[in-house]
Amino acid sequence: MTSSLAAQSPVIVWFRRDLRLRDQAALSAAASAGPVIPVYVLDDECAKHRRMGGASRWWLHHSLEALDAALRKKGSRLILRRGRCEEVLAQLARETGASAVHALHHYEPWWRNAQKAVGKALTLHLHHGNYLAPPGSVTTGTGGAYKIFTPFWRALNERMPPAEPLRRPHTLAAPERWPESDALGDWKLLPAKPDWAGGMRDFWEPGEEGAAGRLAAFVEAAARYEGQRNLPAIEGTSFLSPHLHFGEISPAQVWHAVADAGGSVATFLSEIGWRDYAQNVILQFPDYGATSAKEGFDDFPWRSGAQAEADLVAWQQGRTGYPIVDAGMRQLWHTGWMHNRVRMIAASFLVKHLLIDWRRGEQWFWDTLVDADYGSNAVNWQWSAGSGVDANMFVRIMAPLSQSEKFDAARYIREWVPELADLPSGEIHDPAPMIRPRAYPARLIEHRAGRERALGAWERFKGEG
DNA sequence: TGCCGATTGAG
DNA sequence: TCAATCGGC
């Protein structure tokens, strides 16, 4: 079989955020069509200011390394090229005589543009499989697109379970001659002078095997938790988000593994549903990451000037004086990840208590999260700000203290805010001024004052509009 | 995937 | 007195 395929003209597999061999429809289709040339194109032009952030680039480096190693075990390899993807792929096709390009669908506005451009230059076959259902295919009774998560999720659920995941291709025929590849190190995806990635190396194993390990651990835990109703919610603790973002594992694989394990996994599966929902939203609103969906919302009088900028930096560095917020922001900086519940609290604090434009927070997350995802990030920030297509409102202001207690975050705070580690659990969420260690910063603003300032600004804004 | 303050009812 | 509940926002 290999020899007969080798005689045919090769096909290109264009990898993007789908860096896996299992359940990879583009790779499977290519494997049965001819010799395969796997390629990853680093294209910082097509995404413009949405080029990958620092944490994502660190992840990408290691994920590409892992993908290349997995391909080499199959006698194949990963070709690395840099430049505009339509030009790079056309050039590669000329060099190799490749007849077609296979890829998975992606829905970020820049990827949709790139897909159009590649489709003009070459024969491009786009496959589904990075979402539970193809984005755009879940519609209301009248054929419209859903705007609210809950009805969307109900409709999506009617189409579950997803198809059985594809197996890893048994063989990958090599082309007669391998085209040249960039050296990964030359791309300088890793941090240079201050190496800020130490905490990330400790915590993450990018790549398909790392993803499988996380999934196995999570499935085991889900089974163990079965019947134990009072344990903290398992949502957000799978640590799969960056693996899913980079496509090192597919949502169908996760769905089947988790559903087969039994237990109460509905909440967790709905988190996977949010991924699909976010793509559904950016298909309708491609500019969702930069433009509020609610009419007029972008004219809100956000704070600006030196004091606001200083507050933004304090928030970024985890020095707000609110332990739950600071723990989250420091976890983000050190590991490239933050617990989902804490993301909501930290986002609410920036937008409501500090009255800073949600897009400033979105940009920070974009640069620092290893799971930074255009759709999910925009959907979550607009949800937090109350500016989005969903039903959340600006005047719903989270109280950092009661959220911290409800979330039972004492241990979390001890880990990430060591200045407070000695405080008893009753004090750690809200250390009184007398107890508060000198090393821990004072609050940027009291909760009540921040809440009233936000509500006042909202009233004035509504009055003017 | 809210918060807050008023009300209620058990003790 | 205080925890639980509920309606308004």
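Throughout, a chain's letter reflects where its sequence line sits, starting with A, and its residues are numbered from 1. All values below come from the heavy atoms of this structure, side chains included, with hydrogens, waters and symmetry mates left out.
A/Tyr374 meets the ring pair (Phe, Tyr, Trp, His ring centres under 6.0 Å) test with A/Trp110; sequence neighbours excluded. Under the side chain to side chain contact (heavy atoms under 4.5 Å, CB included) criterion, A/Leu166 pairs with A/Asp23, A/Ala25, A/Ser28, not counting sequence neighbours. Under the rule for a side chain to side chain contact (heavy atoms under 4.5 Å, CB included), the partners of A/Ala211 that lie at least two apart in sequence or sit in another chain are A/His243, A/Glu248, A/Ile249. Listed by chain and number, the residues in a side chain to side chain contact (heavy atoms under 4.5 Å, CB included) with A/Arg396 are A/Asn392, A/Met393 (sequence neighbours excluded). By the ring pair (Phe, Tyr, Trp, His ring centres under 6.0 Å) test, A/His256 pairs with no residue at all, sequence neighbours left out. Residues passing the side chain to side chain contact (heavy atoms under 4.5 Å, CB included) test with A/Glu452, sequence neighbours excluded: A/Arg448.
Counting to the nearest Å, the P atom of B/dG2 and the CE atom of A/Met393 are 9 Å from each other. For the pair A/Glu405 CD and B/dC4 P, the computed distance is 12 Å after rounding to whole Å. We find that CH2 of A/Trp383 is positioned 8 Å from C1' of B/dG2, with the value rounded to whole Å. Atoms NE2 (A/His353) and C1' (B/dC3) sit 10 Å apart, rounded to a whole Å. Here the C1' atom of nucleotide B/dC4 and the CD1 atom of A/Ile397 are 11 Å apart, to the nearest Å. Atom-to-atom, NZ of A/Lys406 to P of B/dC3 comes out at 5 Å; the value is rounded to the nearest Å. For the pair A/Leu455 CG and B/dC4 C1', the interatomic distance rounds to 11 Å; values are reported in whole Å. Between A/Lys352 atom NZ and B/dC3 atom P the separation is 10 Å, expressed in whole Å.
At distances below 3.5 Å, not a single donor-acceptor pair connects side-chain atoms of A/Ser292 with backbone N or O atoms of A/Lys294.
Between A/His102 and A/His127, the two ring planes are parallel [angle under 30°; tilted spans 30° to 60°].
Contacts with DNA chain B (heavy atom under 4.0 Å) in residues 443-453 of chain A: A/His447, A/Arg448, A/Arg451, listed by number.
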Every protein N/O lying under 3.5 Å from an N/O of nucleotides 4-8 of chain C:
none

Side-chain donor-acceptor pairs of residues 420-433 of chain A under 3.5 Å, sequence neighbours excluded:
unit_1   : atom_1 : unit_2   : atom_2 : d
A/Ser425 : OG     : A/Arg414 : NH2    : 3.2
A/His429 : ND1    : A/Ser404 : OG     : 2.6
A/Asp430 : OD1    : A/Arg443 : NH2    : 2.2

